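So the structure is just underneath, and the comments pick up after that.
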Amino acid sequence: MAVKKDVRQVLTANLLKDGLVVFMTDGAAWSPWIEDAAIATSKESALELEGRGNIAAKANVVVGPYLIDVIEENGRPRANLIREHLRTLGPTVRTDLGKQAERAAGGSGQGGAFI
Amino acid sequence: MYRYDEFDHTFVRERVAQFRDQTLRRISGELTEDEFRPLRLMNGLYLQLHAYMLRIAIPYGTLSSKQMRQLAFIGDKWDKNYGHFTTRQNLQFNWPKLEDTADILQALADVEMHAIQTSGNCIRNVTADHWAGVAADEIEDPRPWAELLRQWSSLHPEFCFLPRKFKIAVTGAEADRAAVAFHDIGLKIVRNADGEAGFQVLVGGGMGRTPMIAKVCRAWLPKGELLSYIEAVMRVYNLYGRRDNKYKARIKILLHEEGDDVFRKMVDEEYEKVKAAGGVSHLVPEKEIARIETYFAPPIYDALPDEDAQLTQHLRANSKMARWYEVNCAKHKQRGYTIVNISLKPEGGIPGDATSDQMRAVAGIADKFSLSEIRVSHAQNLVLPYVRKKDVVAVYHALEKYGMASANLGLVTDIIACPGLDYCALATARSIPIAQAISKRFEAPERQKQIGDLAIKISGCINACGHHHAGHIGILGLDKAGKEFYQITLGGSADEHASIGTIMGPGFSDAEVPTAIEKIVDTYIGLRQPGETFLGAYRRLGAAPFKEAIYAQAAE
């Protein structure tokens, strides 16, 4: 996705080995939680995120990194397209699966599953 | 059922070994994603919204109980205890890991299954009438020919890199339950004036963004000429199909742009070249088709009266079971037997999903009551093809125990839905929640009975995997400025009188869809003539009263 002006963006990808959705953090690690994602607030910082993502892709950690638009709610990013929002949750018809299930089980915010 | 010979076994095992090596090389970085993607897709492995997805071929929708058990095992061991049966008679697992996929493929190979050609611009899994071999209205069993096509099209060197994907469906019955007119090639066994069975060859059907009904390319083709004639069709497509624009690359566009007569002439000319080719007969060797036919020979049926007195008594005593028998069981060609259709559409459930426990239960029921054979329908249901009427009560109770005794085959809640935006990376809107909401709205059995035959089909994007163009009521989910909205079409049909649905007008929000559908249904009930189906009423009345009903409702 092209970098946009005045839009807050985070970088997302799928892990190579299991395909699960991840987000790049401030420390250039990958987290399963969008809340941990580094938010680019300028064209330059978005390009920097994208560059780090491409390095991770070349290192065979992730597949297909791309920037997504987010809005901030209580200081935390939320994907503003439904497609991307669903990637942060899992299937809405199976709330026992995916990130929403892990979140319900206390997975989010515990600092786990960083790569 | 067909059994792999040594060639098949070797071929599939070699493919597993190749993919295992390719995966290891991808994980080690020896292969880039660009290099690896076509390799994984050739083995049915997609990267979807939340994870990888593995699409497994079920050739012409026929499964043994052993294969079904293995699918359940795979679901438990490497996925999340369920699978999704698709409109292409395939099964999809939604959560496999790349590093496990070679093991999954090996487990499939162990039971004579694979995921080859479930993706890519090649000839995909050949589909067929799910009642093949047992339907009362069948002229001949099409499965030997479907199997021949499977063998012929598997890694066919000339047709592995077509302009676009290519789908073939086969039926041997008068009623079209395989949607042959919506396939790139549809084959229908018909009799000529002399009473000899042959193929009617339809070409250029399809759904997607440009839905088209296939045209008759050959009204009657001797069966032995099937492969040579199809080869001619494929060669014309391979040579002249557009490769510059993926949206215009299907054979339906070529046929449409050239015109029916010109296209037929091109095929005929190519066919003459095929027939004239150096010293090789253009006919399928009789010995080979006879060999394949032995695998599909009818079983040794018990000699039974057509009616079973005990079953009749049970049905009188249990109205719920009687309703299920009336709706879900179909006329068998053999006296004393019935075709049991297992609905994977429980009211409010996810169309086509089956848990591993349900798969194992179906395998067990098939072992006990259906000669260990199961079918998958393109309507995302399962079929037990060989059930004795005297076993129906036991089958019903076994299905009921596992939540698979919904009496809704062909009714308003028997909804086809693609995975949509809940799983699919291409989707623009969710399909399943819409199906669930409509199913809940119409869940009362009396209401479903009152409405009668009604096919609702829902796609989550213009690619139309949910067959919305062929729905009596079709629903297409789209994205409008970041929000899901749904376009309604009426009058589509995938049967022997195939038609493409007509768009009614502006779309609806997800919350508005069930009410709009209810208005359409109420309009039908109010205007129908005695015995008239929804589709019959729509064809008689046209769109006007339905449009008026739903848009008046929307304006309120």
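Model, not experiment: these values are computed from the prediction. Computed over heavy atoms, backbone and side chain alike; hydrogens, waters and symmetry mates excluded. Below, read A as the first sequence line, B as the second, and so on, with proteins coming before strands; counting in each chain starts at 1.
Ranked by non-hydrogen atom pairs under 4.5 Å with chain B, the options A:T92, A:V21, A:I82 are led by A:T92. For the set B:E484, B:R430, B:K483, B:K80, the entry with the most heavy-atom pairs within less than 4.5 Å of chain A is B:R430. Most heavy-atom pairs under 4.5 Å with chain A, from the set B:I432, B:L49, B:T428, B:D422: that is B:D422. Chosen from A:T88, A:V93, A:D96, the residue pairing most often with chain B at heavy-atom distances under 4.5 Å is A:V93.
Summarising the geometry, atom CG belonging to A:N60 is positioned 10.5 Å from atom CD belonging to B:E30; distances are rounded to the nearest 0.5 Å. With values rounded to the nearest 0.5 angstrom, B:W95 atom CH2 is found 10.5 Å from A:D18 atom CG.
Under the 4.5 Å side-chain criterion, counting only non-hydrogen atoms from C-beta, A:V63 is in contact with B:Y52. Under the 4.5 Å side-chain criterion, counting only non-hydrogen atoms from C-beta, A:K17 is not in contact with B:L98. Side-chain atoms of A:R94 and B:I350, non-hydrogen and from C-beta on, do get closer than 4.5 Å to each other.
Proximity to chain A involves both the backbone and the side chain of B:I27, based on heavy atoms less than 4.5 angstrom apart. Residue B:F36: no heavy atom, backbone or side chain, is found under 4.5 Å from chain A. Proximity to chain A (any heavy atom under 4.5 Å) is shown, for B:E99, by both the backbone and the side chain. In this structure, chain A has a heavy atom under 4.5 Å from the side chain of B:L47, while its backbone stays farther away. Proximity to chain A is absent for every atom of B:R37, based on heavy atoms less than 4.5 angstrom apart. Within the 4.5 angstrom heavy-atom criterion, no atom of B:A429 approaches chain A. When heavy atoms are compared at a cutoff of 4.5 Å, B:Q436 approaches chain A solely by way of its side chain, counted from C-beta outward. Neither the backbone nor the side chain of B:T101 comes within contact range of chain A, judged by heavy atoms closer than 4.5 Å. Contacts between B:P419 and chain A at a heavy-atom distance below 4.5 Å are absent for every atom of the residue.
Closest approach of A:N14 to B:Q48, counting heavy atoms only: ND2-O, 4.1 Å.
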Show your working on side chain to side chain contact (heavy atoms under 4.5 Å, CB included) between B:D479 and A:R83 and close with a plain yes or no.
CA-CA 10 Å; B:D479 176 287; A:R83 179 187 192 278; over 6 Å; no
